[in-house]
There are 2 protein chains.
Amino acid sequence: MNAHSVHAQITDRLRNVGLRPTRQRVDLASLMFVGEDHHMTAETLHRDASSAGVSVSLATVYNTLHQFTQVGLLREIVVDSGRSYFDTNTSEHHHFYFEDKGVLEDISSADVVLAELPDAPAGSKISRVDVIVRVTEA
Amino acid sequence: MNAHSVHAQITDRLRNVGLRPTRQRVDLASLMFVGEDHHMTAETLHRDASSAGVSVSLATVYNTLHQFTQVGLLREIVVDSGRSYFDTNTSEHHHFYFEDKGVLEDISSADVVLAELPDAPAGSKISRVDVIVRVTEA
DNA sequence: ATAGCTGCAAATGCTTTGCAAGGCC
DNA sequence: GGCCTTGCAAAGCATTTGCAGCTAT
């Protein structure tokens with residue numbers, strides 16, 4: 001898979017969700033969606049972009065993360081008040097959170113089984129169930 | 001139970017965990033620990049204190065919430081990046097989070113059963129498992 | 001007396017916003 | 001061309017911190 005085809009794929013992917021494939025969005029998407037699934041914060045993505053020689057303002061990184069989340073390309077994970085994490089893996093799964101390092105890691109969905117879940121309170125519906133396994137250095 | 005005995009209880013409780021029963025801490029603890037278990041943010045507690053005619057600075061509210069959490073009188077719940085919630089119920093249980101209203105509600109521990117949990121990654125230990133059931137208006 | 005607390009205001013860290021300039025269709 | 005995007009800098013929020021003055025023991 002060469003650089004051109006990656007670019008074309010990303011471009012299509014953005015168009016499919018109704019987002020214009022601007023240079024910034026394509027560059028950021030290329031960083032996010034090439035290789036394995038992973039987690040990021042606005043700051044790590046911004047830093048990774050700089051390292052890759054991609055120039056994008058931090059405001060645009062925030063905008064992009066939220067837009068991608070809205071259209072289902074990313075999923076937001078809340079583990080830390082004060083910082084937002086995003087996950088390129090949008091399928092159902094849960095997380096380890098390494099509190100010492102501030103790092104997230106996926107737990108395969110087979111390893112977390114909820115045997116019982118409450119009904120949603122009257123007048124509401126469950127939008128998502130998050131399981132966070134917080135770990136610290138042994 | 002009259003006002004005096006509540007005050008005495010709170011004072012003892014603070015001493016037992018190694019915190020000086022200052023006026024501010026006793027006043028805040030009285031607001032928190034009288035009545036049913038409930039959830040709060042620094043802001044709601046500060047507002048409640050004002051309503052009750054208790055004068056405490058917001059900085060002290062933050063300090064107190066964190067000190068109480070450290071000694072196990074409160075538990076911090078992370079559901080929203082941007083705001084910290086605290087729970088007077090420190091026993092093991094999980095939460096509904098009403099995303100529209102920004103409100104937390106306890107789920108009785110019987111209603112959430114984790115049948116399977118992953119082992120902690122090598123070199124780490126599980127410090128806590130949080131289950132957040134996010135709900136929205138039906 | 002003295003170690004610990006509190007309050008204020010300033011500082012911080014992350015995130016959002018307003019608006020002019022630029023780019024995609 | 002027209003509408004959507006971007007970037008910058010400023011504003012916004014929740015939270016933390018420095019430090020002088022106060023208080024519990």
Side-chain angles (χ1 to χ4, degrees), chain A residues 7-8 10-31 39-50 53-71 73-74 76-86 102 104, chain B residues 7-8 10-31 39-50 53-71 73-74 76-86 102 104:
Chain A
H7 185 282
I10 296 277
T11 297
D12 287 351
R13 196 161 175 181
L14 291 178
R15 265 192 246 278
N16 287 340
V17 295
L19 290 174
R20 279 193 193 169
T22 62
R23 177 189 63 75
Q24 290 84 340
R25 298 213 268 231
V26 172
D27 284 350
L28 291 176
S30 301
L31 289 171
H39 305 96
M40 66 204 122
T41 64
E43 229 217 311
T44 63
L45 179 57
H46 189 239
R47 194 167 36 57
D48 291 351
S50 300
V54 171
S55 163
V56 194
S57 78
L58 189 54
T60 296
V61 170
Y62 275 104
N63 288 336
T64 302
L65 286 170
H66 287 134
Q67 291 156 351
F68 283 17
T69 300
Q70 277 184 339
V71 299
L73 255 30
L74 292 176
E76 187 173 0
I77 315 287
V78 179
V79 284
D80 181 0
S81 43
R83 210 196 306 260
S84 287
Y85 287 79
F86 296 86
L104 273 174
Chain B
H7 185 283
I10 297 277
T11 298
D12 288 351
R13 197 161 174 181
L14 292 177
R15 267 193 246 275
N16 287 340
V17 294
L19 290 174
R20 279 194 194 172
T22 63
R23 177 187 66 75
Q24 289 85 340
R25 297 212 269 232
V26 172
D27 284 351
L28 290 175
S30 299
L31 289 171
H39 305 96
M40 65 203 125
T41 64
E43 229 218 311
T44 64
L45 178 57
H46 189 238
R47 194 168 35 57
D48 291 350
S50 299
V54 170
S55 163
V56 195
S57 78
L58 189 53
T60 296
V61 170
Y62 275 104
N63 287 335
T64 302
L65 286 170
H66 287 134
Q67 290 155 352
F68 283 17
T69 299
Q70 278 185 335
V71 298
L73 255 31
L74 292 175
E76 186 172 0
I77 315 288
V78 178
V79 284
D80 180 0
S81 42
R83 209 195 307 264
S84 286
Y85 287 79
F86 296 85
L104 273 175

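Note that the structure is predicted; figures quoted are calculated from it, not measured. Naming: A, B, ... by sequence-line order, numbering from 1 per chain.
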*Does A:Tyr62 reach the side chain of A:Leu45, with side-chain heavy atoms less than 4.5 Å apart?*
no
*asked:* Determine whether B:Leu14 and B:Ile10 satisfy the following criterion, side-chain contact (heavy atoms from CB on, under 4.5 Å), listing intermediate values before the conclusion.
replied: CA-CA 6 Å; B:Leu14 292 177; B:Ile10 297 277; 4.2 Å; yes
*Checking side-chain contact (heavy atoms from CB on, under 4.5 Å) for the pair B:Thr64/B:Leu19: CA distance, chi angles, key distance, verdict?*
CA-CA 10 Å; B:Thr64 302; B:Leu19 290 174; over 6 Å; no
*Which nucleotide in the set C:dT15, C:dC25, D:dG7 lies at the smallest distance from any side-chain heavy atom of A:Arg20?*
C:dC25
*So, B:His46 side chain and B:Val56 main chain: donor-acceptor pair closer than 3.5 Å or not?*
yes
_Contact nearer the 5' end of DNA chain D, comparing B:Arg15 with B:Leu58_ = B:Leu58
*Could you state the atom-to-atom distance from CG of B:Leu45 to P of D:dT15 in whole Å?*
12 Å
*With a non-hydrogen cut-off below 4.0 angstrom, is A:His66 in contact with a base, only sugar-phosphate, or nothing?*
sugar-phosphate
*asked:* At 4.0 Å (heavy atoms only), tell me whether B:Thr11 reaches a base, stays on the sugar-phosphate, or touches nothing.
replied: nothing
_What is the separation between atom CD on B:Glu43 and atom P on D:dT16, rounded to the nearest whole Å?_
14 Å
*Is B:Ser57 near enough to C:dG7 that one of its side-chain N or O atoms lies under 4.0 angstrom from OP1 or OP2?*
yes
*Is A:Arg83 touching bases, backbone alone, or none of the nucleic acid, heavy atoms closer than 4.0 Å?*
sugar-phosphate
*Counting side-chain heavy atoms from C-beta on, which of C:dC8, D:dA9, D:dA24 comes nearest to B:Ala59?*
C:dC8
*Start at the 5' end of DNA chain D and walk down; is the nucleotide closest to A:Val56 or to B:Tyr85 reached first?*
A:Val56
*asked:* I need the CD-C1' distance between B:Gln67 and D:dT16, as an integer number of Å.
replied: 13 Å
*Just how far, in rounded Å, is C1' of D:dG7 from CG of A:Leu28?*
13 Å
*Select base, sugar-phosphate, or nothing to describe what A:Ser84 touches, counting heavy atoms under 4.0 Å on all strands.*
sugar-phosphate
*Tell me: CG of B:Asp80 to P of D:dC13, nearest whole Å?*
15 Å
_Distance check needed: D:dA24 P versus B:Asp12 CG, whole Å only._
16 Å
*asked:* Within the 4.5 Å heavy-atom criterion, are B:Arg15 and B:Pro21 side-chain neighbours or not?
replied: yes
*asked:* With a 4.0 Å limit, can you tell me whether B:Thr22 has a side-chain N or O closer than that to the phosphate oxygens OP1/OP2 of C:dC5?
replied: no
*Provide, to the nearest angstrom, the distance between the CG atom belonging to A:Leu14 and the P atom belonging to C:dC25.*
10 Å
*Among C:dT17, D:dA24, C:dC24, find the nucleotide with the atom closest to the side chain of A:Pro21.*
C:dC24
*Under 4.0 Å between a side-chain N/O of A:Tyr62 and OP1 or OP2 of C:dT15, yes or no?*
yes
_Just checking A:Glu76: does its CD atom have more than 12 heavy atoms from other residues, nucleotides or ligands closer to it than 6.0 angstrom?_
yes
*Side chain of B:Arg25, base of D:dA24: donor and acceptor closer than 3.5 Å?*
no
*Can you check whether B:Gln24 has a side-chain N or O nearer than 4.0 Å to OP1 or OP2 of C:dG7?*
yes
_Output the rounded distance in Å from CG (B:Leu19) to C1' (C:dC5)._
11 Å
